[in-house]
Amino acid sequence: MSCKAATCTYKNVSKNATRARRHLLSCALAVECFPGMLDNLLPRRDGDNDAGSPDGDCSLPALTSATRTLWRQRFAQVQLESGFACSAFDTDGWRSVLRLISGNRFDGPGGRNIVARTHLPVAVGASDGAAAACIIDCVALSASLDWMTDENGCWVYNIMVYTPRPILVCTFRLGVPAGTADTLLARLEAGLSGPLLKSVATSSSAELAGGASPQLLFSSRRVLALCTDSPSTMVALRTRAVDRGQFLFAFRCAAHESNLVASDAARVAVCALALRESLIITVFFTRSYRARSLLQAVHKMLAGGGAEVGALRTYSRTRWAGEGATIASVGANLPALQHTLVENGHSEAPIVVPVPVAAAVNSTAAADAIRRALPFLCFIARIVEHLEADSAPLSSYTGVFACLPATLANHFTDISVAERQLLQGALERRYTSFSDLMVELAFFLDPFWSPVRGRLSMLRWGGQSLAYMRDAAVERLCGGHVS
């Protein structure tokens, strides 16, 4: 705990909220920075217009056992729904804060054993009831299946439904990093038969076998689509799930495919040069303490009281869209990096700077590549952020991917025509690998995309236009009975 006033050096090492509060009440710098703070910190008795004592010794009635239990259950429900650890509030800092704001009557939900064994079962029931009510009110749902690594390093699969608020309905573990498609499908079917979806019809196999058209099942089968990532096991899973009538259609994760477009862009000459030189600089200055400290000192000197430039940023190789942030940070830091090398040359004990690092910092070709590649790579990063948003509609998958080739044809002209054509080819490959006919139909049904629909409908993806795929989707939806 520390004071947020700009020039105040107070720090509460003991994490005692009462002591921190006393400091804020007496700190002129804090009151100047946050004028309304005193109204929140000074306690008031019921019906009393005068502020209470600075120590907050207003008498409050003691909590009953039932009220204390209810508060703990509410905390447990917040921990459950927010993904907090069971011991999240079991710290000195949180206990001190909760004692202060409750008049020393409540210090939190307790340790992880108490939360997990006593309060969590009740919280699960309340949380599941609210989630089930939300699911029942939805007209249509989609499901996604993806794996993750838990805190013990084990692989687990999460089944999510989108309402559009995502709700975790089931988690299961296979014991191996990847299972067969049939095993995954069996676990998926079991998860969709759980308590949260017990009132939602999730399979259409019987009706489809009887000759019903998918269109007639939309109103009764609310879990309509399945979304997964791209490994071959997941591709086989989606194919089996649709063939057996478990879902009416399925598609790959568009955000994942957009991220792969960024990886394809990293192979285009201008982007590859910008990324390679940026990584050479970033790795050295983030791993060398002396180099990083000197760069920070140069930053402060160059800022001169003005806006500071952000630090160098790395990215994960599994999240290729982050390469734009890495290149952008190097581009913004180039003047400071060049000054850092000059300052290092005048130092009595200079840092040993590898030749490739010095060459990358002073390279005019690298600076030009960063300038040319950065707008497109940052644009791709924003697209991934949009498609990963829980509220991104299905029509955005087609709309965003269709707009990108058209944008490359007329914009980002700092990139050569040949390089833009390579990027357009990568977009076509990625889109045709993840999309489904129903995704194209969603694009044509969404009025948001109507201003550009006429121009984009003639774009060809894998030899077929969006208009052709739309008509094929209607025919499949109606079971071949199109009048």
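In what follows, residues are counted from 1 in the order of the sequence shown. The structure displayed is predicted, hence computed values, not measured ones.
- Nearest approach of Ala262 to Ile380, heavy atoms of both residues: CB-CG2, 3.8 Å.
- Judged as a salt bridge (charged side-chain N to carboxylate O under 4.0 Å, His left out), the pairs with a partner in residues 429-443 (not counting sequence neighbours) are, in order, Asp264-Arg430, Asp436-Arg476.
- Ring geometry for Phe89 versus Phe75: interplanar angle over 60°, hence perpendicular rather than tilted (30 to 60°).
- A donor-acceptor contact shorter than 3.5 Å links the side chain of Gln424 to the backbone of Pro405.
- In this structure, CG in Leu408 is found 11.0 Å from OG1 in Thr413, a value given to the nearest 0.5 Å.
- Contacts classified as salt bridge (charged side-chain N to carboxylate O under 4.0 Å, His left out) and involving residues 399-427 (residues at least two apart or in different chains) are given here: Arg371-Asp414, Arg372-Glu419.
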Check against side-chain contact (heavy atoms from CB on, under 4.5 Å), Ile383 and Val261: CA-CA 11 Å; Ile383 286 175; Val261 170; over 6 Å; no
side-chain contact (heavy atoms from CB on, under 4.5 Å) assessment of Leu445 paired with Ser395: CA-CA 8 Å; Leu445 294 177; Ser395 58; over 6 Å; no
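- Contacts classified as ring pair (Phe, Tyr, Trp, His ring centres under 6.0 Å) and involving residues 231-255 (residues at least two apart or in different chains) are given here: Phe251-Tyr397.
- Side-chain atoms of Ser288 do not come within 3.5 Å of backbone N or O of Phe284 as any donor-acceptor pair.
- Dense packing is recorded around CZ of Phe412, with more than 12 heavy atoms of other residues, nucleotides or ligands lying under 6.0 Å away.
- Residue Arg112 places its CZ atom among 12 or fewer non-hydrogen atoms of other residues, nucleotides or ligands, all under 6.0 Å distant.
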Criterion side-chain contact (heavy atoms from CB on, under 4.5 Å) on Val270 and Ser416, from CA distance to verdict: CA-CA 9 Å; Val270 61; Ser416 68; over 6 Å; no
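- Checked by atom type and distance alone, the side chain of Ser263 pairs as donor or acceptor with a backbone atom of Leu260 at under 3.5 Å.
- Within the 3.5 Å criterion, the main-chain N or O of Ala442 finds no donor-acceptor partner in the side chain of Asp446.
- A tilted orientation is assigned to the rings of Tyr431 and Phe401, their planes being inclined by 30° to 60°.
- Scored by the salt bridge (charged side-chain N to carboxylate O under 4.0 Å, His left out) test, Arg453 finds no partners at all (sequence neighbours excluded).
- Between Leu185 and Arg244, the shortest heavy-atom distance links the atoms CD2-NH1, 3.2 Å.
- Residues Cys86 and Ala116 approach most closely at SG-CB, 4.3 Å, considering heavy atoms.
- Panel note: side chain Ser87, backbone Asp90; no donor-acceptor pair is recorded below 3.5 Å.
- In this structure, CG on Leu295 lies 11.5 Å from NZ on Lys300, to the nearest 0.5 angstrom.
- Side-chain contact check for Phe443 versus Leu456: some heavy-atom pair is nearer than 4.5 Å.
- You'll find the side chain of Pro109 stays beyond 4.5 Å of the side chain of Ile114, heavy atoms only.
- Nearest heavy-atom pair, Thr180 versus Thr233, reported as atom, atom and distance to 0.1 Å: C-CG2, 4.0 Å.
- To the nearest 0.5 angstrom, Met234 atom CE is 12.0 Å from Arg252 atom CZ.
- Separating the CG atom in Leu466 from the CG atom in Leu437 is a distance of 11.0 Å, to the nearest 0.5 Å.
- A pairwise comparison of heavy atoms in Ala332 and Pro335 identifies O-CD, 3.9 Å as the closest pair.
- Val122 and Thr118 get closest at one heavy-atom pair: CG2-O, 4.3 Å.
- Expressed to the nearest 0.5 Å, how far CD of Glu277 lies from CD1 of Ile280 amounts to 4.5 Å.
- A side chain to side chain contact (heavy atoms under 4.5 Å, CB included) with Leu226 is found for one member of Leu188, Leu248, Val242 and no other, namely Leu188.
- By the side-chain contact (heavy atoms from CB on, under 4.5 Å) test, His411 pairs with Thr407, sequence neighbours left out.
- Residues meeting the side-chain contact (heavy atoms from CB on, under 4.5 Å) test with Pro121, sequence neighbours left out: none.
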Trace of the side-chain contact (heavy atoms from CB on, under 4.5 Å) decision for Arg240 with Asp243: CA-CA 5 Å; Arg240 285 171 171 78; Asp243 291 344; 5.7 Å; no
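- Atom OG1 of residue Thr340 and atom NE2 of residue His299 lie 7.0 Å apart, to the nearest 0.5 angstrom.
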